[in-house]
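What follows is a single structure, written as structure tokens, with notes after it.
Throughout, a chain's letter reflects where its sequence line sits, starting with A, and its residues are numbered from 1.
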Protein chains: 2
Amino acid sequence: MQGWEAVRAEVLRRIRARDWAPGALIPGEEALAVEFGVARATVNRALTALAEAGVIQRKKRAGTRVAELPVRRARLEIPVIRLDVLGRGLPYDFKLLADRLALAPVPVAARLGLPEGQPLHYLETLHLAGGRPFVLETRWLNPAVLPSPPPDFAAISVNEWLVTHVSLVSGDIAFLAEPASAREAEVMGVAPGTALLVAERTTHGTAGSVTLVRLAHAPGHRVMMTF
Amino acid sequence: MQGWEAVRAEVLRRIRARDWAPGALIPGEEALAVEFGVARATVNRALTALAEAGVIQRKKRAGTRVAELPVRRARLEIPVIRLDVLGRGLPYDFKLLADRLALAPVPVAARLGLPEGQPLHYLETLHLAGGRPFVLETRWLNPAVLPSPPPDFAAISVNEWLVTHVSLVSGDIAFLAEPASAREAEVMGVAPGTALLVAERTTHGTAGSVTLVRLAHAPGHRVMMTF
DNA sequence: ACTTGCATTATGTCTAGACATATTAGCCAA
DNA sequence: TTGGCTAATATGTCTAGACATAATGCAAGT
């Protein structure tokens, strides 16, 4: 290995070996460039990568110091459900259970940052893997920010239409565990109260809040991430 | 805005506006550099950032193309539990419930990639937020890869000692929902069968597998991520 | 003692040019 | 037709030098 990756590796080694302790200031880019016999830009590339990884913290004028508690970051690749199912080697299908305009309940409107009493598009989709319930998706869509003619959601899943036709800018996702409600139990064919992994997602586009989704996963479902 | 961030923004805008459709080849760095009136290195910086974000895919000789299904990535910052609790404005404490050597059960050994019948360090810690159970941590540690004298885990939490004293290289984390076992119910003061959010984490260091942790969170706990 | 302003300095970014490397298309030979 | 070589090409990286920007700490003035 050579080049900026070599610099990154060596700096990382010294931090792990505690040559440079947590919280300590490390030599400046210029000094490291001289020591390693490379240009400053190369050192900069290496340190920028380490800073993105959370290993060091950099501030102009103040210099670079080793992070006190190295924050570990894991990346979640949010899959399109269809591909998630196919990736497990199972045939995919879905059923549209509800598709109507409805007034948003207060907590929904609040989460989307919309005024109360606004009519939203409500969709309920049951995703199937190998014919068995996989995920129950309940979704509120803000029609105001969508391209005018919504397609037939019985033909293409909402999710896939959204990611390819709407500019999604930012959002957040939360995982929690909840007992299956009566409706969930019925639709998914499990006992009421069964522990379900639930993902709640809000998504914002350039024109405002787009959608609030709740995904209730079948028992035993695992969401995996690596770091 | 100007510089490489301006280039990134403009390229992103064109992709979102479908000037450049998913799967399509976009102009080369040289061409973009001329168009934007910047050096090729600046375009490279912008495109590298977009590639890291998953918006485009780059290959030498083959060029740069817009990702087919824009994979949405969310980042999870795995907190040290103490800081997580303090960040919620609650006092933190923990109790060490178990600290012994024990033979690893087969599934544990398998997940760590170790031979069966190996003695591992078993630790059980109850993390408290404001005096109430927050997380029950059950952990298997591989003593073979640790710095020789392990500290007194009743004084410093295992997690914090690990992140500051062991080179953690890679790992994975899975979230799932499970009903509380009898022991979990007793220790955490909830009814057996309550839906709990469980995180299972394996971590590997340079010298091999380090640890397997199971974190059972108190009811209502949410793991939040943004993208 | 307190505030304001300025010089200092480390990181952040840019440029122009160069070489490295991976990958592909096309060609040629078996 | 198939397999392997080759040349072309787009991205990847490096260099040396320059200017930009943000913090910091000191100095000066109130």
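Computed from coordinates, the B:Glu5 CD to C:dC14 P distance equals 8 Å when rounded to whole Å. The interatomic distance linking A:Arg8 (CZ) with D:dG12 (C1') rounds to 14 Å, in whole Å. Taking atom CG on A:Asn44 and atom P on D:dG17, their separation rounds to 17 Å, with Å as the unit. If you measure from atom NZ of B:Lys60 to atom P of C:dA20, you get 12 Å, rounded to the nearest angstrom. In this structure, CZ of A:Arg58 is placed 10 Å from P of C:dT13, rounded to the nearest angstrom. Taking atom CD1 of residue B:Ile26 and atom C1' of nucleotide D:dT11, one finds them 12 Å apart after rounding to whole Å. Distance CD (A:Gln57) to P (C:dA10): 19 Å, rounded to an integer number of Å. Rounded to whole Å, atom C1' of C:dT11 lies 11 Å from atom CD1 of A:Ile56.
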**OP:** Go through the steps for A:Asn142 and A:Thr211 under the test side chain to side chain contact (heavy atoms under 4.5 Å, CB included), then give the verdict.
**Re:** CA-CA 6 Å; A:Asn142 181 2; A:Thr211 186; over 6 Å; no
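Nearest to the side-chain atoms of B:Ala39 among the listed nucleotides D:dA23, C:dT11, C:dT15 stands C:dT15. Each of D:dT15, D:dG12, C:dT13 was ranked by its minimum atom distance to the side chain of A:Arg40; first place goes to C:dT13. Closest contact between the side chain of A:Arg61 and the listed nucleotides D:dA23, D:dC14, D:dG12 involves D:dA23. When distances run from any side-chain atom of A:Thr42 to the nucleotides C:dT24, C:dT15, D:dC14, the shortest one goes to D:dC14.
Across all strands shown, B:Arg45 has heavy atoms under 4.0 Å from sugar-phosphate atoms exclusively, and none from any base.
If you run side chain to side chain contact (heavy atoms under 4.5 Å, CB included) between B:Thr125 and each of B:Val213, B:Leu215, B:Val158, only B:Val158 comes through. Between B:Val135 and the options B:Val85, B:Ile81, B:Leu126, a side chain to side chain contact (heavy atoms under 4.5 Å, CB included) holds for only B:Ile81. Among B:His127, B:Glu137, B:Arg82, the one residue that satisfies the side chain to side chain contact (heavy atoms under 4.5 Å, CB included) test with B:Phe94 is B:His127.
Here A:Glu29 pairs with A:Arg58 in a salt bridge; the nearest charged N to carboxylate O distance falls below 4.0 Å.
Here A:Thr64 reaches the OP1 or OP2 of C:dT11: one of its side-chain N or O atoms lies under 4.0 Å away. Side-chain nitrogen and oxygen atoms of A:Lys59 include at least one within less than 4.0 Å of the OP1 or OP2 phosphate oxygen of D:dT24.
Both B:Ala41 and B:Glu30 lie near DNA chain D, and the one whose nearest nucleotide falls closer to the 5' end is B:Glu30.
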